[in-house]
Amino acid sequence: MTSPQNSKHSNGAPVSIDYQKLFSKQALRLRKSTLWKNAAYMVADGYIKMGTGFTNPEVFPVVEANFKLLDGSVINVGKDMVQKHLQYGLSSGYPDLRSWVTDFQRRLHSPPIQPDLFDVILTSGSTDAITLVMKVFMDEGDWLLVEEATFTSPLTATFPMGLQALGIPVDSHGIVPEELEKVLTSWNDLHPGARKPKLLYVIPSCGNPTGITTSLDRKRAIYDVARKHDLMILEDDPYYFLNFTRPMIPTLLSMDVDGRVIRLDSFSKVVAPGLRAGLVSGPRAVLEKAVMFMDYTSLGAAGLSQMLILALLRHWGHDGFLRHLDSVMEFYKHRVEMVLSCAKKHLTGLAEWDPPGGGLFVWMKVLGVSDSEIVIDRLLKEHVVMVGGACFTPSNEKNAHMRISVAMVTEEECDKAFSSLAKVIRSLQAEKK
């Protein structure tokens, strides 16, 4: 069999990365269990299944299910589908759902690498996928590159894994590529003895917590730096469809001619978080390692969740799903506008913020206060819950920022919360005088 690195295909670029040099020691030690040698046949129709650990679906208490949608329509999931998806499946996800989402990803992103080297798998949410990818590439003592304010999960994961994270400066267009280049070029001087980073984690659309969306020019520049320094990119994009701008900015996956981008999508923000289902798209050689980790941990996303998602997607089709995504975006767009109007009313002169271009969060800086955690603690006494900025930074140092979610708050609640926030800020400013 020809190795992925040397394969040629007329309909796409060959993968040009030697993953063996980038994989973690743990990933290199992974071996496919002989139990899983014929796993695909275990879930395929037409085979007598005497080599599985399956339980007999005739004793499953659930026979069929009906799901009523917001528009009043009802999806019926029949006995065959229930029995199939409540059974053990492949860690990578049920083949029928993987086929649907793979076609959808190809339609949206047209990944440039040759088709037989591209793959999509299901995971138990994007947070699970983040840790999986970190395991694939990172060893104890390694450094993870992130935006200077980023999602907490990869930062939290660094501690038990014996890793460190370094924040790269950003501006209103995303990571500053010159800063990324400077860090990588001078790495040995800045961190003598430490291995050069192999993985960059980014949230390119409506970032959590900052709300910043990375521009197309910036994405291209970041990708060029990654190519120069043989850096893998973990493109975590759960807010991609919640960007208020249409058409949406092309993704890093859509420009990945090397096979260095692993893209994460989530059903949490656009269907329901309790489903705990996410997508990982990218080079098959990398995803195969992630699946091998899942083979001895989670065994993949829950079958019930995959069943419901597949039923929804088949009901909608590609175009219907896109219409649903647009409707979710419009809902949150109105919420953001309401929260910003309320902030202007109560917090002008007391805090600063840039209107997010989408997503669920407003990143706010409190004026005259150096530690937002003090503000957070006092707000709790007013029955208002917000999140301080320290936990979103690699250093976890105190700062004046706060992340404010727009998703759950009504206009009346927002008015009350920002009135309380204004009172707390004024009292803290007065105490400093």
Please report the C-alpha distance between Arg284 and Leu287 in whole Å, then the side-chain angles of each, then the deciding distance to 0.1 Å, and finally whether the side-chain contact (heavy atoms from CB on, under 4.5 Å) criterion is met. CA-CA 5 Å; Arg284 176 168 289 141; Leu287 270 55; 5.6 Å; no

From CA spacing to verdict: ring-ring contact (aromatic ring centres under 6.0 Å, His included), His315, Phe67: CA-CA 11 Å; His315 173 77; Phe67 297 97; over 10 Å; no

Asn76 and Glu64: CA distance, side-chain angles, deciding distance, side chain to side chain donor-acceptor pair (under 3.5 Å) verdict: CA-CA 8 Å; Asn76 173 260; Glu64 64 178 324; 3.2 Å; yes

Pair Asp230, Lys196 - check salt bridge (Lys or Arg N to Asp or Glu O under 4.0 Å), show working. CA-CA 10 Å; Asp230 203 15; Lys196 192 174 180 179; over 6 Å; no

Nearest non-hydrogen partners of Ser153 and Thr127, listed with the distance: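 Smallest interatomic distance, heavy atoms only, reads OG-CG2, 3.4 Å.
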
Considering non-hydrogen atoms only, spot the tightest contact between Ser281 and Val120 and give its length.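 It is OG-CG2, 3.6 Å.
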
For the pair Asp319 and Arg107, evaluate salt bridge (Lys or Arg N to Asp or Glu O under 4.0 Å) and give the outcome as yes or no after the intermediate values. CA-CA 11 Å; Asp319 292 336; Arg107 172 180 172 177; 2.7 Å; yes

Output the distance between atom [atom1] ([X]) and atom [atom2] ([Y]), rounded to the nearest 0.5 Å.
{"X": "Leu200", "Y": "Leu180", "atom1": "CG", "atom2": "CG", "answer": "6.0 Å"}
{"X": "Met402", "Y": "Trp353", "atom1": "CE", "atom2": "CH2", "answer": "11.5 Å"}
{"X": "Leu264", "Y": "Ile130", "atom1": "CG", "atom2": "CD1", "answer": "6.0 Å"}
{"X": "Leu145", "Y": "Lys198", "atom1": "CG", "atom2": "NZ", "answer": "12.0 Å"}
{"X": "Thr210", "Y": "Phe392", "atom1": "OG1", "atom2": "CZ", "answer": "10.0 Å"}
{"X": "Thr185", "Y": "Leu190", "atom1": "OG1", "atom2": "CG", "answer": "10.0 Å"}

Looking only at atom types and distance, does a side-chain atom of [X] sit under 3.5 Å from a main-chain N or O of [Y], one as donor and one as acceptor?
{"X": "Glu235", "Y": "Leu252", "result": "yes"}
{"X": "Asp265", "Y": "Leu279", "result": "no"}
{"X": "Ser419", "Y": "Asp415", "result": "no"}
{"X": "Gln26", "Y": "Lys135", "result": "no"}
{"X": "Ser305", "Y": "Leu275", "result": "yes"}
{"X": "Gln306", "Y": "Tyr94", "result": "yes"}
{"X": "Tyr223", "Y": "Val257", "result": "yes"}
{"X": "Thr393", "Y": "Asn396", "result": "yes"}
{"X": "Arg403", "Y": "Gly389", "result": "no"}
{"X": "Lys219", "Y": "Pro250", "result": "yes"}

Within a radius of less than 6.0 Å around [atom1] of [X], do more than 12 heavy atoms belonging to other residues, nucleotides or ligands occur?
{"X": "Glu412", "atom1": "CD", "answer": "no"}
{"X": "Asp224", "atom1": "CG", "answer": "yes"}
{"X": "Glu411", "atom1": "CD", "answer": "no"}

Intermediate values then yes/no, side chain to side chain donor-acceptor pair (under 3.5 Å), Thr123 and Asp128: CA-CA 7 Å; Thr123 60; Asp128 178 44; 4.6 Å; no

Are the ring centres of [X] and [Y] closer than 6.0 Å?
{"X": "His334", "Y": "Phe244", "result": "no"}
{"X": "His318", "Y": "Trp100", "result": "yes"}
{"X": "Phe104", "Y": "Phe321", "result": "yes"}

Between Val409 and Val339, does a side-chain contact (heavy atoms from CB on, under 4.5 Å) hold up when you go through it step by step? CA-CA 9 Å; Val409 68; Val339 168; 4.0 Å; yes

List the steps, then state whether side-chain contact (heavy atoms from CB on, under 4.5 Å) holds for Val362 with Val406. CA-CA 8 Å; Val362 175; Val406 308; 4.1 Å; yes

Full working for salt bridge (Lys or Arg N to Asp or Glu O under 4.0 Å) between Asp256 and Arg263: CA-CA 11 Å; Asp256 182 24; Arg263 177 178 173 80; over 6 Å; no

Yes or no on side-chain contact (heavy atoms from CB on, under 4.5 Å) for Arg323 and Asp326, after CA distance, side-chain angles and deciding distance? CA-CA 5 Å; Arg323 286 193 293 272; Asp326 283 344; 5.6 Å; no

Is a salt bridge present between [X] and [Y], judged by a nitrogen-to-oxygen distance below 4.0 Å?
{"X": "Arg98", "Y": "Asp103", "answer": "no"}
{"X": "Glu179", "Y": "Lys182", "answer": "yes"}
{"X": "Lys32", "Y": "Glu288", "answer": "no"}
{"X": "Glu382", "Y": "Lys416", "answer": "no"}
{"X": "Asp217", "Y": "Arg220", "answer": "yes"}

Would you tell me whether His109 and Thr251 have side-chain atoms, one donor and one acceptor, within less than 3.5 Å of each other?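 Yes, because at least one side-chain N or O of His109 sits under 3.5 Å from a partner of the opposite role on Thr251.
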
Assess, by modelled atom type and distance only, whether the side chains of Ser205 and Asn243 contain a donor and an acceptor separated by less than 3.5 Å. no

Quick check: do [X] and [Y] have side-chain heavy atoms less than 4.5 Å from each other?
{"X": "Val202", "Y": "Ile222", "result": "no"}
{"X": "Ser99", "Y": "Asp96", "result": "no"}
{"X": "Val375", "Y": "Val369", "result": "yes"}
{"X": "Val77", "Y": "Asn66", "result": "no"}
{"X": "Asp142", "Y": "Phe137", "result": "no"}
{"X": "Trp143", "Y": "Pro197", "result": "yes"}
{"X": "Val74", "Y": "Leu69", "result": "no"}
{"X": "Met248", "Y": "Phe241", "result": "yes"}

For the pair Lys398 and Asp371, evaluate salt bridge (Lys or Arg N to Asp or Glu O under 4.0 Å) and give the outcome as yes or no after the intermediate values. CA-CA 5 Å; Lys398 64 182 182 180; Asp371 184 4; 5.2 Å; no

Measure from NZ or CZ of Lys289 to the centre of the six-membered ring of Phe23 and say whether it is under 6.0 Å with the direction within 45° of the ring axis.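 Yes, cation above the ring, under 6.0 Å and within 45°.
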
Does Arg276 make a cation-pi contact with Phe267 (under 6.0 Å, within 45 degrees of the axis)? no

